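Below is one structure, written out as structure tokens; the observations come after it.
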Amino acid sequence: MKYDFAAIEKKWQARWEEEKPYAAVTGLDKPKFYGLIEFPYPSGAGLHVGHPRPFTAMDIITRKKRMDGCNVIFPIGYDAFGLPTENYAIKNHIHPAKVTHDNIANFTRQLKMLGYGFDWDRCVNTSDPNYYKWTQWIFLQMYKRGLAYKATMSVNWCTSCKVVLANEEVVEGVCERCGAPVIRKEKSQWMLAITKYAQRLIDDLDDVDYIERVKIQQRNWIGRSTGAQVTFKTTVGDDLVVFTTRPDTLFGATYMVLAPEHPYVKKWKENLTNWDEVAAYVEQAGRKSDFERGELNKEKSGVRLNGVMAINPVNGKEIPIFIADYVLITYGTGAIMAVPAHDERDWDFAKMFNLPIVEVVKGGNVQEEAFTLKDDTGIMVNSGFLDGMTVKQAIPAMINWLAEQKIGEQKVNYKLRDWVFSRQRYWGEPIPMINCEKCGWVPVPEDQLPLVLPNVESYEPTDDGESPLAKMTDWVNTTCPCCGGPAKRETDTMPNWAGSSWYWLRYMDPHNDKAFCSPEAEQYWGPVDWYNGGMEHTTLHLLYSRFWHKFLYDIGAVHTKEPYAKRTSHGMILGQNPYYIGNFSTEEEKQAMIEKHGSLALRSSVKMSKSLGNVVNPDDVVQSYGADTMRLYIMFIGDFEKTATWSDDAVKGSKRFLDRVWNLMDRAEDNFSISEKNEVSINKTIKKVGSDIDNLKMNTAIAALMTLVNEFYDKGLTKGDLEQLLMLLSPFAPHMVEEMWELEGFAAKHGKMAMQMSWPQYDETKTVDAVKEMAVQINGKLRSSIRVSADAEDESVVAIACTDEKIKRYMEGMEIVKTIVVKGRLVNLILKPKK
RNA sequence: GCCGGUGUGAUGGAAUGGUAGACGUGACGGACUCAAAAUCCGUUCCUGGCAACAGGGUGUGGGUUCGAGUCCCACCACUGGCACCA
């Protein structure tokens with residue numbers, strides 16, 4: 001009988017749909033396990049091969065957890081609001097809701113095709129009013145507690161999407177999504193005060209089991225630095241406050257710099273004798289995109305503010321003030337004290353403007369380059385009461401002095417900015433706020449939630465930066481919930497990160513219309529035990545959702561500080577580079593390609609893209625080889641955490657393996673007990689596969705299963721042996737296993753599906769061969785190998801080694817100085833010539 | 001510039017400091033077949049040798065160790081993140 005994967009997969013998917021073996025039941029008296037994958041954005045292109053990697057891995061983990069006796073919740077949903085859908089809708093004149101609906105239908109078909117054990121009854125959709133009602137509700141709770149606020153400030157503006165971006169969405173000065181330049185623009189925006197949680201977001205990383213690089217990246221992004229805040233007096237009366245991590249160098253501060261956007265610049269207009277020049281520079285800096293500002297990295301520019309001087313508080317000296325765009329308005333106080341002797345940027349600037357460079361830490365040649373070491377190499381000089389101290393001693397000494405003088409104090413600063421939460425777009429959650437002329441901003445009363453997104457004809461972004469909703473006057477004009485007077489609705493919508501900032505909680509209780517999640521469900525299922533997702537979300541979704549969860553914890557809505565107990569991350573799946581130098585079987589083909597493209601690529605793998613024609617569609621793979629092969633291959637492709645390159649050829653290996661398993665049915669002896677000859681191999685494999693799954697090493701788990709199957713071919717097997725194999729293979733290739741399980745009579749024997757069996761137990765004593773092959777080394781070099789019983793004493797192992805023919809030869813004229821025995825592995829004899 | 005990661009056969013990749021290359025592709029040989037595919041059985045790191053065997057081998061150069069792909073130091077290459085963050 002042939003392995004007819006298409007029929008088998010269809011049959012079992014229908015049965016699972018009917019019997020719901022993956023349903024998660026809240027409150028069961030079993031250990032719970034919450035496995036989570038990042039829910040997909042339902043794009044028009046459908047599932048790509050990047051999705052099945054994390055999905056299949058977590059599917060395998062949760063299937064094993066079920067077999068381990070856990071009450072498993074493994075949910076799925078759709079992160080359905082977002083720009084690509086809206087842009088597609090605009091281009092094709094189809095309503096985004098319709099586009100989303102169709103895309104979700106396609107995604108659902110594909111996910112079911114791959115046989116994932118999702119609890120489909122818990123499926124959520126962030127663009128469903130029953131879902132975003134609670135997204136809006138959480139926003140209102142934040143507003144009530146002062147964490148959501150409206151502020152006019154300089155924000156990132158994507159010139160192509162015509163939308164405001166969060167800092168996290170700007171990559172190298174361009175829009176993360178479309179690649180267009182990002183400029184700074186003054187806008188009034190809703191903000192979320194994530195910075196109030198900065199310290200806790202760092203501290204609580206210590207209590208969670210995240211892979212280290214995720215923790216490091218989050219810490220770096222939050223960017224905590226400790227220093228001091230210092231107040232400088234100026235000749236026009238206003239005090240200038242700066243942040244510095246090097247208060248020890250205060251005696252070396254020879255000038256000051258303000259960001260061009262600093263409010264004092266305008267305030268001092270009347271005092272400035274070169275206002276025209278200053279105004280021109282400010283104007284020019286504002287026009288530059290972040291990218292351009294960054295590009296000119298090395299070239300410092302700036303203008304002196306003539307007519308105003310600052311006074312260095314430690315020595316009373318008057319020092320000049322500049323504006324320069326190397327000082328950022330968004331960090332610290334938007335102003336710095338410049339210490340050219342000990343800061344590279346200040347040094348560059350001082351050289352350019354011929355400003356004095358005063359050495360205050362000895363150890364370098366500050367006329368040649370800035371001396372920036374912060375350790376104990378340098379000793380303070382030219383610094384009054386700090387002279388003779390090391391930098392480490394001088395920092396606290398200076399902070400103490402500043403505190404005594406009441407002109408400074410210790411201060412912690414973060415790179416993390418508050419989260420810009422408004423988007424001038426249609427396809428997002430409406431922000432449930434109303435602006436009343438008399439009462440100001442008033443929240444939409446909670447009993448009026450959800451505030452449903454109105455159905456509009458046209459959702460083009462406007463050129464003036466207003467949301468498309470602004471044109472909907474019927475919807476915009478409303479009455480103030482507070483005073484009943486005329487008022488206007490907020491027309492901006494939430495960013496696409498809003499819905500995903502709490503979705504794992506909704507899965508716990510998805511149909512609740514009284515609360516976002518019942519306390520019972522949350523206490524039973526929370527926190528997520530294992531969350532796998534992409535590294536690209538480390539400083540976006542992962543950070544945002546931790547912030548929301550902590551807020552919900554603070555208002556008593558959830559019972560854990562952190563949403564996810566464990567976080568792992570998968571590597572990307574790359575496509576084969578069609579222009580790779582090694583991709584050609586004949587020299588002619590290669591020459592033809594070189595002629596066509598000039599040269600060939602040196603890298604064999606690149607991101608999949610339509611233009612390169614190397615995109616792999618899961619539909620095609622399933623069509624040709626079946627879902628079980630697809631699942632197996634995507635797990636076998638390599639180390640889960642590393643990038644991997646898709647290979648059409650290698651897929652065949654996985655299919656071949658499944659064929660070989662299938663054909664074992666013809667070879668199995670009609671005996672339901674485990675055979676003696678395979679007992680050790682089976683026990684070893686149970687141990688290996690189990691621990692490999694728990695450690696996300698699916699590739700080696702599969703290799704172990706392959707090894708076992710090869711041994712079955714070599715030595716023969718019983719039905720009892722096959723039964724064990726099927727249970728181990730069940731999480732990987734569930735369709736084929738169930739079919740074989742039924743055909744071989746195991747289903748009838750146990751009265752349940754293979755996936756419902758208990759995970760096989762191994763006997764430690766039976767995981768080792770009775771007779772072991774041990775390596776024999778002489779002076780650390782491999783010389784021979786011996787066969788000894790597994791429990792042999794060290795002395796007898798050495799004795800046996802010495803009787804080995806090859807070893808005897810090496811021992812002639814030598815004596816043993818030392819022996820090292822590693823149990824079951826090797827024996828090393830250290831020899832030296834006899835005297 | 002700062003913070004990570006990686007470097008192993010033709011190839012994807014395995015190896016708690018303990019026999020480097022498991023497992024899979026590909027290639028080669030054999031069986032089956034009129035033939036091919038599929039399947040099954042072998043071989044496949046390099047050099048020398050008919051062979052037994054000997055020597056070499058995990059980016060480069062050092063070091064620690066009885067023993068290093070693995071640990072330490074320096075360097076090279078690729079790669080991910082951040083980047084004028086005071």
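These numbers come from a predicted model, not from an experiment. Letters A, B, ... mirror the listed sequences (proteins, then strands); counts begin at 1.
- Taking only side-chain atoms of A/Ile336, from C-beta outward, the nucleotide of B/A86, B/C23, B/A22 with the closest atom is B/A86.
- Comparing A/Gln777 and A/Thr645 against RNA chain B, the residue whose closest nucleotide sits nearer the 5' end is A/Thr645.
- For the OP1/OP2 pair of B/C53 and a distance below 4.0 Å, the side-chain nitrogens and oxygens of A/Lys806 include at least one atom meeting the criterion.
- Counting non-hydrogen atoms under 4.0 angstrom, A/Leu705 reaches nothing in the nucleic acid.
- The nucleotide B/U65 finds no pairing partner, because no Watson-Crick or G-U wobble arrangement with both distances shorter than 3.5 Å includes it.
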Salt bridge (charged side-chain N to carboxylate O under 4.0 Å, His left out) evaluation trace for A/Lys655 with A/Asp659: CA-CA 6 Å; A/Lys655 173 64 166 48; A/Asp659 281 330; 3.0 Å; yes
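- Checking the phosphate oxygens (OP1, OP2) of B/G17, no side-chain nitrogen or oxygen of A/Arg825 falls inside 4.0 Å.
- Contact between the side-chain N/O atoms of A/Tyr326 and the OP1/OP2 oxygens of B/A83 is not found at any separation under 4.0 Å.
- Between A/Arg656 and the phosphate of B/G26, there is a side-chain N or O to OP1/OP2 separation shorter than 4.0 Å.
- In this model, the phosphate group of B/A22 is not approached by any side-chain N or O of A/Asn699 to a distance below 4.0 Å at OP1 or OP2.
- Picking from B/C66, B/C23, B/A86 the nucleotide with the shortest atom distance to the side chain of A/Phe636 gives B/C23.
- Just one of A/Phe322, A/Phe353, A/Trp347 meets the ring-ring contact (aromatic ring centres under 6.0 Å, His included) condition when paired with A/Tyr255; it is A/Phe322.
- Taking side-chain N and O atoms only, A/Ser225 has a distance below 4.0 Å to OP1 or OP2 of B/A86.
- Nearest to the side-chain atoms of A/Leu826 among the listed nucleotides B/U25, B/G18, B/A20 stands B/G18.
- Pairing for B/G24 goes to B/U11, judged as Watson-Crick or G-U wobble with the two contacts each under 3.5 Å.
- Checked by distance alone, A/Lys300 brings a side-chain donor or acceptor within 3.5 Å of a matching partner on the base of B/C84.
- Contact annotation: A/Arg660 side-chain N/O to B/C40 OP1/OP2 distance is under 4.0 Å.
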